[in-house]
Amino acid sequence: MKQLLKTYKRIMLMVVIICSPLSSHAEDVEHITKYLVEGKMRVSIGNSGTWSYLPIADMPELPAKILKRDRQRLTIVLKDEQKGVINVGDVRITNEPDIVKICQITTAQRNSDSREYGLRGVGEDCK
């Protein structure tokens with residue numbers, strides 16, 4: 001009986017050790033860090049499926065927790081405790097890379113069947 005109890009304790013310890021890294025990833029919840037639109041944001045409130053425009057002042061304070069993420073939509077909790085759906089492109093999300101302006105990177109490319117080169121990141125608007 002004592003041997004069985006020791007074996008059980010060892011197995012439980014191994015389960016805890018193996019599952020502890022997995023549980024730490026479960027707490028990695030994405031948040032909205034910045035609203036990229038000014039004035040009003042397009043939101044679908046509840047399960048109505050209709051879209052309306054809410055003032056940014058009525059949106060949750062940042063960082064706002066994301067409940068569900070699809071390819072193009074985010075589900076969040078609004079200030080009035082209702083669930084709302086917004087477009088991914090309207091916000092900046094944690095762990096999302098910064099958008100690099102085209103003037104920050106200069107590249108030269110040449111097609112294999114051409115003698116001409118193309119330049120990106122060089123132009124009248126780049127300073």
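Summarising the geometry, atom CD belonging to Gln72 is positioned 9.5 Å from atom CG belonging to Asp70; distances are rounded to the nearest 0.5 Å.
Pro63 and His31 make their closest contact through CB-CB, 3.9 Å (heavy atoms, listed as atom of the first residue, atom of the second, distance). The two residues Gly89 and Leu36 have their closest heavy-atom pair at O-CD1, 3.8 Å. The two residues Leu62 and Lys34 make their nearest non-hydrogen contact at CD1-CA, 3.8 Å. Contact between Met41 and Val91 at its shortest, heavy atoms only, is CE-CG1, 4.1 Å. The two residues Ile93 and Ile66 make their nearest non-hydrogen contact at CG2-CD1, 3.9 Å. Across all non-hydrogen atoms, the minimal contact from Gln82 to Ile45 is OE1-CG2, 3.0 Å.
In this structure the side chain of Pro60 never reaches within 4.5 angstrom of the side chain of Val77, judged on heavy atoms. The shortest distance between side-chain heavy atoms of Leu78 and Met59 falls below 4.5 Å. Counting only heavy atoms from C-beta outward, the side chains of Lys83 and Leu67 approach each other to under 4.5 Å.
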Could you check Arg69 against Val88 for side chain to side chain contact (heavy atoms under 4.5 Å, CB included), going step by step and ending with a plain yes or no? CA-CA 8 Å; Arg69 181 176 182 175; Val88 172; 4.3 Å; yes

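Partners of Arg73 under the side chain to side chain donor-acceptor pair (under 3.5 Å) rule, at least two apart in sequence or in another chain, are Asn87. Residues passing the side-chain contact (heavy atoms from CB on, under 4.5 Å) test with Lys6: none are found, sequence neighbours excluded.
Of the candidates Ile86, Asp90, Thr94, Ile86 is the only one forming a side-chain contact (heavy atoms from CB on, under 4.5 Å) with Ile32.
Note on residues 50-65: pairs passing side chain to side chain donor-acceptor pair (under 3.5 Å), not counting sequence neighbours, are Ser48-Thr50.
Listed for the Lys68 side chain is no donor-acceptor partner under 3.5 Å among the backbone atoms of Val85.
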